[in-house]
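Here the structure is a predicted model, which means the values were calculated and not measured. Every chain is numbered from 1 and lettered A, B, ... according to where its sequence line falls, protein lines coming before strand lines.
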Number of protein chains: 2
Amino acid sequence: MATIRDVARLADVSVATVSNVLNSADRVSPELAARVRAAMEKLSFTPHAGARSLRKRSSGLIGLVVGDITNPFFSDLFEAVEDAAAACGYLVLLCNSNERSEREEAHLRMLRTQRIDGLILAPTGAVSMNRASLLAQLEVPVVLVDRAMEGLGYDAVVLDNRRAGFEATQQLIACGHRRIGLVNGPDVLRTAAERLAGYREALLAAGLSFDPALVRDAGFRQQPAEQAMAELLALPEPPTAIFATNNLMTIGVAKAVADRGLACPQDISLIGIDDLPWAAAVSPQLSAIAQPVRAMGEAALALLIRRLAGTLSGPGTTIVMEPRLVIRRSCGAPAQELSAAGKPAHVD
Amino acid sequence: MATIRDVARLADVSVATVSNVLNSADRVSPELAARVRAAMEKLSFTPHAGARSLRKRSSGLIGLVVGDITNPFFSDLFEAVEDAAAACGYLVLLCNSNERSEREEAHLRMLRTQRIDGLILAPTGAVSMNRASLLAQLEVPVVLVDRAMEGLGYDAVVLDNRRAGFEATQQLIACGHRRIGLVNGPDVLRTAAERLAGYREALLAAGLSFDPALVRDAGFRQQPAEQAMAELLALPEPPTAIFATNNLMTIGVAKAVADRGLACPQDISLIGIDDLPWAAAVSPQLSAIAQPVRAMGEAALALLIRRLAGTLSGPGTTIVMEPRLVIRRSCGAPAQELSAAGKPAHVD
DNA sequence: ACTCGTTTTTGTAACGTTTCAATCAGGCTC
DNA sequence: GAGCCTGATTGAAACGTTACAAAAACGAGT
């Protein structure tokens, strides 16, 4: 494979000149530059990223580690980040931790040997001390997405989770629901805790009481959500509407509903966080709180670039993005509502 | 950041020894190795991939370029490839071409500067001469996935597309359908052509005639599929069942069906290629020809590894994987079938 | 004790770039 | 025509590793 020396020889210039046309093109006279470029073309020369990264002390690589690339949220995120990074001349190294923190840590080590220039991390699970030190060892700027880790001083891009929880719940209340189930993630995660807070706030605002029996932790996963939903449906007084706080759990909930032969929204209403690309194509047509995923990816990359360029310094900035309510047919009036009007208070 | 020299100094050995414990651990005595490892630990030393790739003439990087990471087929593929690669000590560089061949070519150039050791490519669109030469310039083994490119002598892993087309169609025929629409990709792509061939073969085997008016090219994309489906439904004698030859088009078709207020399978039956993770959770519960995606990814990586190890040489091998039929409720008997029995031939 | 194989260890030259100080070639000014 | 300035070009020293040949250490066999 052709090297810079070969190009220099063919164009009859020094290697330094070739390097100059590659990097600071304006420092070399037009005629020479043209000659050099012709030589490169002829030899189909491609610079060696390794050598370059060795000499300059940067690799042009940005790491992106996500929990599950199979989740549309993360694949969209990757797409957005990759596009934005390409525009800035960076290459994105995607790491999929499969939601296992050991894998994630292995990836962080790998990224260190690659000498990435910066990292965008969608942390899986809670902060471990171990991970914090791995991040520090990276010695590069880090931007968190989706889940913030307070106290480490990193930049972050997150959804306004409280508001997301509030709006979803409010929407169900507006349809007339009074018993609203919540299928949530573990409340040790800030994300889940805030969504729960929004849910409670909306209940409070509507003068409804909070019933702990209606909220379940399904770990942000599909299978447990299905199970949790089954339990909620088996309650003596089951909820008439469900709010699931991420896309996987929304699917799990829909599955449980379908398995019991219930129709949506006739028998039960449903709203989730994260819109899904096929949501309008199938039944129930899922209503959702959409996250501006692309914008989040772009914002995260922009923060990183500003850190790298030195135009941003000091303690971590957190960018809060606003959710967007997408109403489709999975939310409707509760069946009870209609009949309850003319029904006596206690029928046992 | 600590270098190999620092480690050597601290452990009081030569740099060569440090390098040896890193690479060929058995060539160095246990006690020294321990000392060196302790020093590495203390300095939290991490080798520099760039320098390494410069000196050894390999980077430990494998490129994977796909058309659309947002498509579950490709995100599953990535997951499988990454897992398998990690087990062999390789890191996967994912490139998302967004189905645009210019992006794909830019990515191939990028991968060349990264000096990847091998490439797994799910080619988007048809073979261009330009791309063929870019691939050749890479000077590394290439394995094609999903779509083969004949004549270039590369290894490939593909689905038995003819059989997939055959089985899907056969299934619909078995339900009693006689007018089966085909929403396919462009038949310049081998994949699409073979699926079409399987479709025709199944019709023939059942003594049904092939009606070109019932087949549409929707470019393997959702939006055009929705459009194509609308056209099929507007036909004077619309099909009673549809076979869509990939997941995006299946969604598009489902959307068109839903938009017209038709029920599935009561009004129309539906089967697609590529199973979807949420297929059982929503209605219609989509039947599908599932591709063994993980196995395909693993097979592709295995081929690549064998090429790299030199245990496989000579002309390209093509591995053909078998599809698996997953029947859910989106296939049923045609409505016409029931009433047509007692109905006169022409009712206008 | 001495020579020979083995096994460990080491010095050092690459690998392909960039950087930086140094040289060179013109063109101005006086 | 000498002196200077400016901008283009270049030589050579890194950057952190590995590979290879050479040196050292170690036993074993005489």
How many whole angstroms separate atom NZ of B:Lys56 from atom P of D:dT18? 6 Å
Could you list by number each residue of residues 42-52 of chain B showing a heavy-atom separation from DNA chain D of less than 4.0 Å, or answer none if no residue does? B:Phe45, B:Thr46, B:Pro47, B:His48, B:Ala51, B:Arg52
Five pairs at each end of the helix from C:dA1-D:dT30 to C:dC30-D:dG1: take the axis at both ends and give me the angle between them to 10°. 60°
Mind listing the side-chain donor-acceptor pairs of residues 79-89 of chain A below 3.5 Å, one per line with the distance, residues two or more places apart or on another chain?
from    : atom 1 : to       : atom 2 : distance (Å)
A:Glu79 : OE2    : B:Asn96  : ND2    : 3.2
A:Glu82 : OE2    : B:His107 : NE2    : 3.2
A:Asp83 : OD1    : B:Arg103 : NH2    : 2.8
A:Asp83 : OD2    : A:Arg294 : NH2    : 3.0

Contacts of type salt bridge (Lys or Arg N to Asp or Glu O under 4.0 Å), residue B:Arg52, not counting sequence neighbours: none
Provide the start and end nucleotides, 5' to 3', of the part of DNA chain C that has atoms under 4.0 Å from heavy atoms of chain A. C:dG16 to C:dT19
Which residues share a side-chain contact (heavy atoms from CB on, under 4.5 Å) with B:Leu248, sequence neighbours left out: B:Asp68, B:Asn71, B:Gln222, B:Asn246
Of all pairs that satisfy side-chain hydrogen bond (donor to acceptor under 3.5 Å, both in side chains), the ones with a partner from residues 10-19 of chain A, not counting sequence neighbours: A:Ser14-A:Thr17, A:Ser19-A:Asn23
Are the side chains of A:Val21 and A:Leu32 in contact, using a 4.5 Å heavy-atom criterion? no
Can you name the nearest heavy-atom pair linking A:Pro186 to A:Phe220, along with the distance? CD-CD1, 4.1 Å
B:Arg221: which residues meet the side chain to side chain donor-acceptor pair (under 3.5 Å) condition with it, sequence neighbours left out? none
Taking every heavy atom of A:Leu77 against every heavy atom of A:Leu64, the minimum-distance pair comes out as CD2-CD1, 4.4 Å
Round to a whole Å and report the spacing from CG of B:Leu22 to P of D:dA19. 11 Å
Give B:Ser19 one of three labels, base, sugar-phosphate or nothing, depending on what nucleic acid heavy atoms sit under 4.0 Å from its own. base
Tell me every residue that passes side-chain contact (heavy atoms from CB on, under 4.5 Å) with A:Ala295, counting only those two or more places apart in sequence or in another chain. A:Pro292, A:Met321
With sequence neighbours excluded, what pairs up with A:Arg109 under the side-chain contact (heavy atoms from CB on, under 4.5 Å) test? A:Glu105, A:Leu134
Residue set satisfying side-chain contact (heavy atoms from CB on, under 4.5 Å) with B:Glu139, at least two apart, ordered chain then number -> A:Met1, B:Arg112
For a quick check, with a 4.0 angstrom heavy-atom cut-off, what is the B/S/- contact string for nucleotides 4-14 of chain D, read 5' to 3'? ----SBBB-BB
Considering non-hydrogen atoms only, spot the tightest contact between B:Asp146 and B:Val158 and give its length. O-CG1, 3.9 Å
Approximate separation, where rounding is to 0.5 Å, of B:Leu303 CG and B:Leu144 CG: 10.5 Å
Take the protein atom CZ of B:Arg57 and the nucleotide atom C1' of D:dT18, then report the distance between them rounded to whole Å. 12 Å
